[in-house]
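Note that this is a predicted model, so its numbers are computed, not measured. The sequence lines fix the lettering, A, B, ..., with proteins before strands; numbering per chain opens at 1.
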2 protein chains.
Amino acid sequence: MADVARVAGVSSATVSYVLSGKRPVAPETRAAVEAAIADLSFTINATARSLRTGRSSLVALIVPDIANPFFAQLAATLDEELRGLGLHVVVCNTRARRAEEQALLAEATQQRFAGVVITPFRLKPNDFEPIVGAGIPVVVSADVSFGPIDLVTPDAGNAIRRALEEVAAAGRRRIAMIAGPRDATGGDPRLEQLRALALQFGMSLPRELVVRGEHARQAGAAGFGELMSRRYRPDAIFCGNDVIAIGAMDKANELGVNIPADVALIGHDDASFASLVRPQLTTIRYPAAGVGRAAAQLLIERLNGRQVHKTVHIKAEFVARSSV
Amino acid sequence: MADVARVAGVSSATVSYVLSGKRPVAPETRAAVEAAIADLSFTINATARSLRTGRSSLVALIVPDIANPFFAQLAATLDEELRGLGLHVVVCNTRARRAEEQALLAEATQQRFAGVVITPFRLKPNDFEPIVGAGIPVVVSADVSFGPIDLVTPDAGNAIRRALEEVAAAGRRRIAMIAGPRDATGGDPRLEQLRALALQFGMSLPRELVVRGEHARQAGAAGFGELMSRRYRPDAIFCGNDVIAIGAMDKANELGVNIPADVALIGHDDASFASLVRPQLTTIRYPAAGVGRAAAQLLIERLNGRQVHKTVHIKAEFVARSSV
DNA sequence: GTGAAAGCGCTAACAG
DNA sequence: CTGTTAGCGCTTTCAC
């Protein structure tokens with residue numbers, strides 16, 4: 001920048017103002033500066049700018065698995081929403097591991113990121129104290145609250161009710177669930193909610209019909225196999241997410257179990273592949289794009305100075321396809 | 001850091017050395033510093049460090065569509081490979097638009113990123129001059145070369161030959177392709193290569209059996225519809241990638257065209273959903289994880305000082321499933 | 001084993 | 001409309 005100033009015969013402040021437009025610059029001066037910039041193929045140093053202004057143009061998106069289409073879509077939407085403000089999305093994979101979640105939060109703090117959007121998996125509310133203390137806006141996308149952190153969370157009651165109606169209408173009574181791991185923070189709200197609502201429908205979700213594993217295809221297959229080996233076999237299985245449901249389908253194929261004739265299968269999220277598999281997956285749609293937009297909105301408001309906590313509920317929706 | 005130094009009763013240089021371990025520090029001094037750090041919940045400012053050292057810990061991954069499972073997987077792998085070196089991946093979506101590709105390259109330059117991995121779509125080789133001139137290592141993952149830039153590229157000859165064998169064995173002769181857009185850089189090598197090899201098999205790929213569109217599901221559907229409306233109907237359709245192939249399947253369902261009885265369908269990439277759809281998609285597998293590892297490797301070598309250009313070929317592989 | 005001090009490249013008062 | 005200048009917070013010689 002000093003070089004540019006010299007070549008253009010002006011001060012470096014003027015160069016800065018030409019670049020930022022934060023104060024008027026005479027046309028000839030501006031032209032001279034622009035010529036010098038082109039001549040020297042000068043590129044402003046965003047690092048120096050960030051140090052000086054204390055503002056970064058990077059937002060971290062911290063998720064358990066970027067290869068999961070739900071999170072990939074979330075990343076795409078967030079990017080789309082934030083790009084207009086000159087913000088970029090740094091995607092970080094935690095593989096659902098607590099240590100990596102912590103490390104990434106610390107990293108975001110060190111980098112003085114403009115903000116963080118995170119789907120925590122094994123983090124506890126007080127893990128957020130340092131980053132919040134550092135003044136970095138954080139938005140959590142999760143089923144459970146993390147205290148004072150802005151939250152985007154599903155409102156799935158109706159969708160689950162609709163699913164149960166459908167299941168009941170098909171004459172099914174023996175509900176099971178392939179849920180997430182026991183040590184995920186907040187337990188498994190999807191499980192609790194399903195259990196509560198099932199009771200209202202006169203069905204039960206007994207402990208022995210709940211199996212657990214990671215949110216992975218493999219775990220879905222294992223879970224399904226386990227449930228099929230029970231003396232009391234379920235006739236409808238809810239899954240923690242669609243990836244698990246796909247794994248369950250894998251195993252059903254392998255075992256020659258017919259879906260939905262022998263057992264109904266209900267996913268969660270409506271990931272892009274849910275309508276691709278056969279039978280097409282009946283699922284609780286939780287729209288990644290909607291979540292991304294809400295998270296972006298919340299973040300932007302914080303960036304604009306909002307101080308009070310806010311929660312946004314995103315309505316989930318029952319999508320009837322062929323697996324029930 | 002100055003605060004920490006004051007509280008610990010040492011100089012800020014010492015604090016820096018405690019943090020970096022770049023020179024020995026007496027145990028008591030170190031303890032005092034660490035206590036002060038904890039007391040003040042001090043977090044090092046990565047921006048200031050970057051400005052001073054001229055090194056960033058961020059690598060940009062610039063792709064046409066992060067929601068495409070191929071690129072999502074690429075992102076995940078790159079992250080995994082680079083994390084050990086303390087590098088983070090900034091995922092940037094170009095939506096295949098030249099203007100966005102250019103803007104993102106410029107942004108990476110301004111941010112003085114440690115490196116860039118990019119799948120260019122409408123960029124020309126000289127678009128890379130500024131960033132390369134700025135000394136930022138760039139790795140391109142593409143079918144065509146971008147001159148002096150390190151390249152990860154498919155070696156798909158055998159896989160395509162195998163596909164053609166299969167098609168020929170099924171008694172099919174009328175090959176078609178749903179290719180990418182005409183204005184993509186380097187034209188469409190997948191098309192050229194298919195055409196050349198088809199000739200060797202005594203089949204032809206006439207111009208009127210090539211339709212074009214974006215690498216999107218919608219475009220695949222449109223392309224399939226167009227091909228089905230031809231007087232000279234194909235009996236085997238190759239697709240530019242799996243997303244296009246899925247779109248073609250959508251349309252086949254809609255039109256009541258049976259795959260593979262009426263027409264065979266061959267995808268490209270083996271994206272995660274290829275084995276999920278019914279019929280399962282026969283495809284040319286181009287392994288995203290392999291590409292990611294190769295790109296990471298190339299980048300790391302550059303970071304370690306390699307100056308000479310390098311190209312890595314990743315073997316593609318024919319995956320026979322049910323759509324042929 | 002430790003400290004003093006220069007300076008990375010920029011922005012934003014302040015002054016004219 | 002433009003210039004001067006003081007740092008932002010760190011790393012790294014150089015000196016002790």
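In this entry the distance linking CZ of A/Arg6 with P of D/dT2 reads 19 Å, nearest Å. Atom P of nucleotide C/dC8 and atom CD1 of A/Ile44 are separated by 16 Å, given to the nearest angstrom. Atom CD1 of B/Ile37 and atom P of D/dC10 are 10 Å apart (whole Å). What separates CZ of A/Arg112 from C1' of D/dC8 is a distance of 11 Å, to the nearest Å. Put simply, CZ on A/Arg55 is 11 Å from P on C/dT11, counting in whole angstrom units. The distance between atom CG of A/Leu19 and atom C1' of C/dC10, rounded to the nearest whole Å, is 10 Å. Rounded to whole Å, atom P of D/dC10 lies 13 Å from atom CD of A/Gln111. A straight line from CG of B/Asn45 to P of C/dC8 spans 18 Å, rounded to a whole angstrom.
Side-chain N/O atoms of A/Ser50 and B/Gln111 include no donor and acceptor closer than 3.5 Å. If you check the side chains of B/Gln102 and B/Asp127, you find a donor sitting under 3.5 Å from an acceptor.
The nucleotide whose nearest atom lies closest to any side-chain atom of B/Leu51 is, among D/dC10, C/dA12, D/dG9, D/dG9. Considering only side-chain atoms of A/Arg49, the nucleotide from C/dA12, D/dC8, C/dT11 that sits closest is C/dT11.
Side chain of A/Thr77 to main chain of A/Gln73: a donor-acceptor pair is present (N/O by atom type, distance under 3.5 Å, no hydrogens or angles). Within the 3.5 Å criterion, the main-chain N or O of A/Ala142 finds a donor-acceptor partner in the side chain of A/Thr153. The main-chain N or O of A/Val139 is never found under 3.5 Å from a side-chain atom of A/Arg302 such that the two would form a donor-acceptor pair.
Mapped onto DNA chain D by nearest heavy atom, A/Thr53 and A/Glu28 fall at different nucleotides, with A/Glu28 at the one closer to the 5' end. Comparing B/Arg23 and B/Arg52, the nucleotide of DNA chain C nearest to each residue sits closer to the 5' end for B/Arg23.
Ring geometry, B/Phe121 versus B/His215: the interplanar angle exceeds 60°, so the pair is classed perpendicular (tilted spans 30 to 60°).
In terms of heavy atoms, B/Phe146 sits closest to B/Phe128 at CD2-CE1, 3.4 Å.
Within the 4.0 Å cut-off from OP1 or OP2 of C/dT2, not a single side-chain nitrogen or oxygen of B/Ser11 is found. The side chain of B/Lys22 contributes no N or O atom lying less than 4.0 Å from OP1 or OP2 of D/dT11. In this structure, A/Thr14 reaches the D/dG3 phosphate: one of its side-chain N or O atoms is under 4.0 Å from OP1 or OP2.
Heavy atoms of A/Ala13 sit under 4.0 angstrom from at least one base atom.
When the local axes at the two ends of the helix from C/dG1-D/dC16 to C/dG16-D/dC1 are compared, using 5 base pairs at each end, they differ in direction by 30° after rounding to 10°.
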